[in-house]
Number of protein chains: 2
Amino acid sequence: MTAPSDARARGTRLPRVRRRRQLLAAAQEVFVARGYHAAAMDEIADRAGVSKPVLYQHFPGKLELYLALLEEHSEALVEKQREALESTDDNRQRVTASFQAYFDFVAGDGEAFRLVFESDLRNLPAVREKSEQTFQRCAELIGKVIRQDTSISDEEAHLLSIALVGMAETSARYWLNNHGSVPQNAAEQLVARLAWRGISGWDLTRSSEEAEFED
Amino acid sequence: MTAPSDARARGTRLPRVRRRRQLLAAAQEVFVARGYHAAAMDEIADRAGVSKPVLYQHFPGKLELYLALLEEHSEALVEKQREALESTDDNRQRVTASFQAYFDFVAGDGEAFRLVFESDLRNLPAVREKSEQTFQRCAELIGKVIRQDTSISDEEAHLLSIALVGMAETSARYWLNNHGSVPQNAAEQLVARLAWRGISGWDLTRSSEEAEFED
DNA sequence: CATCGAACCTACGCGGGAGTAGGATGAGGG
DNA sequence: CCCTCATCCTACTCCCGCGTAGGTTCGATG
């Protein structure tokens, strides 16, 4: 099914940093495929073509191994998001770029997004905190833009940002699970348009909303 | 901390159906507080003021117990959603009612929503399927309304519905975790307005979107 | 008041997976 | 050529938590 990553030549020795990288890659595959609980350290070691104690010479335990990956990909997402919002001064473009960043994140890097969005370890405070903090940082980046260009209050802007991020995350995940029905570009554009229609010109309409769908 | 539910009189015998209901309530408390994996059958039994074998006389195993709860609350959510959308013919009202239903669901019933939205067992096919199916059914209810009153294609309508549901779920969950900063009504209204602005009059603007935030 | 069955208990088996002890092996420096 | 140290392996221990065997008590029924 999936490529065995790097189980090549079960007898090759590797310098420390190289081995570490490889172990992280193997761990990611297993954690993504099985989730934290169902992932066995034995399988991770096997996948890396190495035996278990080697794993423990690089990471103090299963949890720390997991956290290392979570940290890495959380930062990557926030960074992608920051870049997207800084890539232009046109707010319509910003929305497009922001959604594109979300879709790219979900589409890339061996489905690592599952660690950030679908972790089965969110009951552990350390993990819950990291996930929520990542989510909040993304929302805050967007919130800053909204506040900059409107007179929306801080609290309202924040909640709106949360809603937008939720929209992005959910639709990107859904799109990936049903690959094939719609190309990435079309999906991005569609959802970005929904968001832009929702947020643009917000200041103008405080209570004049009588339009209907049709006509 | 939390009220012990029903650990009253460790020596009272109960008729079968009554006991079953009470066991489900105890299980819900524990599963919600700890998640599936960290939840121990011993603790559930304790919480119900009963010993473990009693649990196994009512449910074949931990998994089935969990699935019973998941099923119950998934159906409740879909039902709430259906009622909301049937409660009026005005689409603006429908949006409001739909979001209100989501917020109500999240706010009610001992945080049972965590079983549906934050399950740490989504790697199990049976659970994943149930969660996604619930999500999809909610989206489909909304999608039907959209298709009814616009000329949006089926595929696009579906993806838009997904995005809207994601928005509702995410913002409701966020709102609950940060209780106190905003009253439920205000949060609902704000997010509903965002959604309505996004979706209403969609047909009219196929590619005329040049407005900016300000002015 | 005896009997029967349902509800309940204490105490255990046991499997699976994290983490470890102790030894082998191979590459580079003297 | 040999010594040293880091890399790696086989083969365990140990704990935790699901599920169960077998016996006990209470209430209902004749």
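Just so we're on the same page: letters track the sequence lines, and every chain starts at 1.
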Atom-pair distance ([atom1] on [X]; [atom2] on [N]), nearest Å:
X: B:Gln57; N: D:dT24; atom1: CD; atom2: C1'; value: 13 Å
X: B:His58; N: D:dG19; atom1: NE2; atom2: C1'; value: 16 Å
X: A:Arg18; N: D:dT7; atom1: CZ; atom2: P; value: 14 Å
X: A:Leu55; N: C:dA18; atom1: CG; atom2: P; value: 10 Å
X: B:Leu23; N: C:dC8; atom1: CG; atom2: C1'; value: 12 Å
X: B:Asp46; N: C:dC8; atom1: CG; atom2: P; value: 15 Å
X: A:Tyr66; N: C:dA18; atom1: OH; atom2: C1'; value: 17 Å

So which protein nitrogen or oxygen atoms get under 3.5 Å of nucleotides 15-18 of chain D's nitrogens or oxygens?
from   : atom 1 : to      : atom 2 : distance (Å)
D:dC18 : OP1    : B:Ala39 : O      : 3.1
D:dC18 : OP1    : B:Lys62 : NZ     : 3.1
D:dC18 : OP2    : B:Met41 : N      : 3.0

Item to check | Side chain proximity check, B:Glu118 to B:Phe113, heavy atoms < 4.5 angstrom | outcome: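 Yes; the side chains approach each other to less than 4.5 Å.
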Salt bridge present between [X] and [Y] (N-O < 4.0 angstrom):
X: A:Arg128; Y: A:Glu132; value: yes
X: A:Glu43; Y: A:Arg47; value: yes
X: A:Glu79; Y: A:Arg137; value: no

Checklist entry - Should the pair B:Tyr36 and B:Tyr66 be assigned to parallel (<30°), tilted (30 to 60°) or perpendicular (>60°) ring geometry? => result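 Taking B:Tyr66 first and then B:Tyr36, their aromatic rings stand perpendicular (interplane angle over 60°).
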Item to check | Audit row: A:Glu155, B:Ser181, side-chain contact (heavy atoms from CB on, under 4.5 Å) steps and yes/no | outcome: CA-CA 8 Å; A:Glu155 244 173 10; B:Ser181 62; 3.9 Å; yes
Checklist entry - Taking only side-chain nitrogens and oxygens of A:Arg19, does any of them come within less than 4.0 Å of OP1 or OP2 of D:dC8? => result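 Looking at the OP1 and OP2 atoms of D:dC8, one of them is under 4.0 Å from a side-chain N or O of A:Arg19.
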